[in-house]
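Note on naming: letters A, B, ... go to the chains in the order of the sequence lines (proteins, then strands), and numbering restarts at 1 for each one.
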Amino acid sequence: MEARSKVALVLFAAFATVPVLAALLDDPFLLVIATRMLAFAIAAMALDLILGFGAMVSFGHAAYLGFGAYAVAILSRFGITDLFAHLALGVTLSALFALPTGALSLRTRGVYFIMITLAFGQMAYFFFVSLSALGGDDGVTLPMRSTLFGQPVLENDLTLFCVALGLLIALYALCSAIVGSRFGRVLTGTRENITRMEAIGFSPFRYQLTAYVISGCITSVAGVLLANQAEFVSPAFMNWHRSGELIVMVVLGGIGTLTGAIGGAVIALLLEEWFGMLTDHWPLLFGLVLVLVVLFSPGGLTGALRKLRRGQ
Amino acid sequence: MTNLFLLQVLNGVQLGILLFLISAGLTLVFGIMDFVNLAHGALYMIGAYLLASFSAVTGSYGAGLLLALPAILVVGLMLERLVFRRLYERSHLDQVLATFGLILIITEGVEIIWGPSPLTAPMPAILSGSIPLIGPLKYPVYRLAVIAVGLLVALGLYLLIRHTRIGMRLRAGATNRPMLSALGVDVNRLFTFVFGFGALLAGLAGALVAPILSVDSGMGESVLILAFVVIVIGGIGSVKGAFVAALMVGLIDTLGRSFGPILLRAILDPAAASQAGRTLAPMLVYFLMAAVLVWRPSGLFGRAQS
């Protein structure tokens with residue numbers, strides 16, 4: 001087995017022990033935070049698919065979290081509570097938004113790409129802020145969590161956690177399949193040298209756009225999970241800070257390793273929880289860690305581990 | 001209606017001028033140093049806070065401004081020395097992350113120092129009235145003064161960039177940095193200058209709006225995103241582009257918010273028109289950006305990308 005799959009197995013196994021741990025410690029909050037970690041792990045992994053493998057630094061990915069979350073809110077309003085319907089709408093909305101904005105953004109490179117995705121993300125954000133039918137800025141409380149085959153089983157935190165873990169594992173399998181495929185190799189090729197890819201007869205734009213849309217769609221799954229976990233949806237899901245946090249997760253874990261993105265999400269949320277216990281001004285500490293990591297450990301956690309291993 | 005239109009045009013120009021002050025510094029830093037500084041909006045915010053504090057201490061807006069400007073310059077130079085300088089050679093992603101971290105630090109820091117509730121700054125007494133423009137139309141003198149200051153700065157920047165030795169180096173730096181340094185120019189000193197200058201412009205914008213907006217820790221962010229839109233439309237590194245694009249964005253945003261619902265009423269019923277207007281208005285500038293990019297991927301005045 002490849003080393004990478006081993007790391008993934010270890011990560012999933014660690015997640016699987018959380019319910020046991022929560023039961024032993026009699027701390028149901030552990031499950032809540034672990035569910036949020038799973039959701040953000042999915043989003044970070046999706047972002048890493050284009051950031052790590054395609055060198056597309058999307059600074060507007062929180063928009064897709066929002067599409068997933070609002071898919072739950074919109075359908076719930078019409079009495080449709082099925083999880084699969086929510087996922088389907090989230091993915092559809094994301095694809096519909098990702099296709100035109102991705103095509104426009106991909107006309108540009110580098111810093112322009114970062115800023116355009118940021119601006120499009122804010123466009124989606126302002127759309128939901130001003131949409132008073134869904135609570136506008138204040139957001140909307142969900143009447144209930146999604147149902148699974150007509151049953152309200154997700155009301156139970158443990159079931160929701162299991163569904164989230166199942167989705168993470170399935171989507172990890174999907175992402176590694178994509179990365180390992182011919183498509184993934186072309187994508188990685190565009191990361192290294194676009195001109196060369198063109199020269200050997202590929203049309204990088206199509207590959208990059210496809211990857212961008214896939215990444216947006218997967219991110220919306222995380223949005224559906226987050227909405228269910230919080231039973232509340234607001235534009236804050238898609239604020240540009242969120243997009244920044246997603247990038248932070250990918251970089252903390254190490255760019256271009258799917259397991260790194262998952263680990264990065266776990267670390268980022270652990271830090272948030274920990275700093276949150278220390279002070280109300282936890283973003284200050286979080287920002288400090290961020291600046292220090294960038295200045296002193298460019299490869300993120302994976303890079304630091306690799307350095308340590310080499311040092312030994 | 002005509003009066004309302006004129007009023008909103010002036011408001012749009014005023015927003016555009018502020019956006020120009022912020023984007024000019026941002027675009028110089030981008031264009032010359034190839035550096036993405038997300039914390040630029042935070043400098044604008046600090047400028048507003050410093051002005052509010054210094055005015056409160058001295059009891060005068062003018063004295064507050066005289067103290068706030070050098071202070072924001074010091075803050076900008078300190079940030080350059082402590083953080084930015086170490087990131088020039090790094091990837092854009094690293095710069096984005098580090099400056100994102102700085103935003104978190106500065107925003108929380110500001111809340112720790114000044115508290116979470118918004119501050120207000122005094123308006124200078126001589127500029128506090130309104131003057132009649134045409135017929136019954138009146139406009140606050142202070143807002144006109146903001147427009148005047150912005151135009152003066154724009155003129156000054158134009159002269160600095162087109163007609164001085166430093167400006168020549170700035171333009172050379174934006175075009176070909178290695179060549180400039182090969183010609184014996186101390187590029188590091190030039191960078192420090194550009195950074196301090198950019199911080200000063202952002203801080204000035206913050207100080208100028210402090211009396212007309214509430215000064216709070218979120219004010220830098222909305223402006224930062226708009227400044228990015230301005231730069232993308234105008235073309236990275238082009239101060240002229242920033243000026244044109246800032247006015248376009250300021251006008252379209254302001255006019256869209258006030259006249260969008262009115263125009264929509266022609267095709268929709270009033271309730272739907274006002275809802276659609278409210279929803280669409282904030283998105284107008286992004287549509288503008290998209291349209292410009294379809295036409296010219298590197299912005300109105302940008303050089304073709306390599």
Colleague: Do the rings of A:Phe126 and B:Tyr286 sit parallel, tilted or perpendicular, given the 30° and 60° boundaries?
Modeller: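 Ring orientation, 0 to 90° scale: parallel.
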Colleague: Please give me the minimum heavy-atom distance between A:Leu104 and B:Ala290, naming the atom from each residue.
Modeller: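 Heavy-atom minimum between the residues: CD1-CB, 3.5 Å.
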Colleague: I want to check something: taking the side chain as every heavy atom from C-beta on, are B:Leu224 and A:Trp240 in contact at a cut-off of under 4.5 Å?
Modeller: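 Of all side-chain heavy-atom pairs linking A:Trp240 with B:Leu224, at least one is under 4.5 Å.
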Colleague: More than 12 heavy atoms of other residues, nucleotides or ligands under 6.0 Å from CD of B:Glu89: yes or no?
Modeller: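 No, not enclosed.
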Colleague: Which bit of B:Val229 is near chain A, if near means a heavy-atom gap under 4.5 Å: side chain, backbone, both or neither?
Modeller: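 The side chain, not the backbone.
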Colleague: Heavy atoms, side chains only, cut-off 4.5 Å: are A:Leu284 and B:Glu111 in contact?
Modeller: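 Result no, sub-4.5 Å side-chain heavy-atom pair not found.
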Colleague: With rounding to the nearest 0.5 Å, note down the distance linking CG in B:Leu104 to NE2 in A:His281.
Modeller: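 B:Leu104 CG to A:His281 NE2: 13.5 Å, rounded to 0.5 Å.
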Colleague: With a 4.5 angstrom heavy-atom cut-off, could you sort out which part of B:Ile233 is near chain A: side chain, backbone, both or neither?
Modeller: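 Neither part.
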Colleague: Please classify the contact between A:Val57 and chain B as side chain, backbone, both or neither, with a heavy-atom cut-off of under 4.5 Å.
Modeller: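 It is the side chain, since no backbone atom gets that close.
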Colleague: From B:Leu293 CG over to A:Ser105 OG, what is the distance, rounded to the nearest 0.5 angstrom?
Modeller: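 The distance works out to 8.5 Å.
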Colleague: Answer with side chain, backbone, both or neither: which region of B:Val96 has an atom nearer than 4.5 Å to a non-hydrogen atom of chain A?
Modeller: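 The answer is the side chain of B:Val96.
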Colleague: Output the distance between atom CG (B:Leu38) and atom CE (A:Met115), rounded to the nearest 0.5 Å.
Modeller: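 Nearest 0.5 Å value for the CG-CE distance: 9.5 Å.
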Colleague: Ignoring hydrogens, what is the shortest heavy-atom contact between B:Ile225 and A:Gln122? Give both atom names and the distance.
Modeller: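 Closest heavy-atom pair between B:Ile225 and A:Gln122: CG2-CG, 3.4 Å.
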Colleague: For B:Ile236, is it the side chain, the backbone, both or neither that has a heavy atom under 4.5 Å from a heavy atom of chain A?
Modeller: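 Interface part for B:Ile236: both.
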Colleague: Distance from A:Ile116 atom CD1 to B:Phe228 atom CZ, nearest 0.5 Å?
Modeller: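 If I round to the nearest 0.5 Å, the distance is 12.0 Å.
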Colleague: Can you tell me how far apart CE (A:Met123) and CE (B:Met289) are? Round to the nearest 0.5 Å.
Modeller: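 That separation rounds to 8.0 Å.
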Colleague: Against chain A, label B:Val36 side chain, backbone, both or neither, depending on which of its atoms sit under 4.5 Å from a heavy atom there.
Modeller: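 For B:Val36, the contact with chain A is made by the side chain alone.
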Colleague: Name the region of A:Phe128, side chain, backbone, both or neither, that has any atom closer than 4.5 Å to a heavy atom of chain B.
Modeller: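 It is neither, since no heavy atom gets under 4.5 Å.
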Colleague: Within the distance-only criterion (no hydrogens, no angle test), does the side chain of A:Arg107 pair as donor or acceptor with the backbone N or O of B:Trp295 below 3.5 angstrom?
Modeller: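 Not at all, since once roles are kept as given, no pair shorter than 3.5 Å links the two residues.
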Colleague: Top residue by heavy-atom pair count (under 4.5 Å) with chain B, among A:Thr195, A:Val129, A:Val248, A:Asp280?
Modeller: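 Ranked by contacts with chain B, first place is A:Val248.
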Colleague: Determine, stepwise, if the pair B:Glu108 / A:Trp282 fulfils side-chain contact (heavy atoms from CB on, under 4.5 Å).
Modeller: CA-CA 8 Å; B:Glu108 289 303 316; A:Trp282 63 267; over 6 Å; no
Colleague: What's the separation between atom CD1 in A:Ile114 and atom CD in B:Gln95, rounded to the nearest 0.5 Å?
Modeller: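 Between A:Ile114 CD1 and B:Gln95 CD, I get 8.5 Å after rounding to 0.5 Å.
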Colleague: Would you mind checking which part of B:Ile106 comes under 4.5 Å of any heavy atom in chain A, side chain (CB onward), backbone (N, CA, C, O), both or neither?
Modeller: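 Neither part; nothing is under 4.5 Å.
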Colleague: The test is side-chain contact (heavy atoms from CB on, under 4.5 Å); show your working for B:Ile105 and A:Leu285 and say whether it passes.
Modeller: CA-CA 7 Å; B:Ile105 296 173; A:Leu285 295 176; over 6 Å; no
Colleague: Please check this pair: side chain of A:Tyr112 against backbone of B:Val232, looking for a donor-acceptor N/O pair closer than 3.5 Å.
Modeller: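 Not a single qualifying donor-acceptor pair exists.
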Colleague: Under a 4.5 Å cut-off applied to non-hydrogen side-chain atoms, are B:Leu93 and A:Leu51 in contact?
Modeller: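 In contact.
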Colleague: Non-hydrogen atoms of chain A under 4.5 Å away: do they reach the side chain of B:Leu226, the backbone, both or neither?
Modeller: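 Interface part for B:Leu226: neither.
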Colleague: Taking everything shown except B:Arg85 itself, do over 12 heavy atoms lie less than 6.0 Å from its CZ?
Modeller: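 More than 12 within 6.0 Å, yes.
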Colleague: Side chain, backbone, both or neither: which part of B:Leu97 has an atom under 4.5 Å from a heavy atom of chain A?
Modeller: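 It is both, since atoms from each part get that close.
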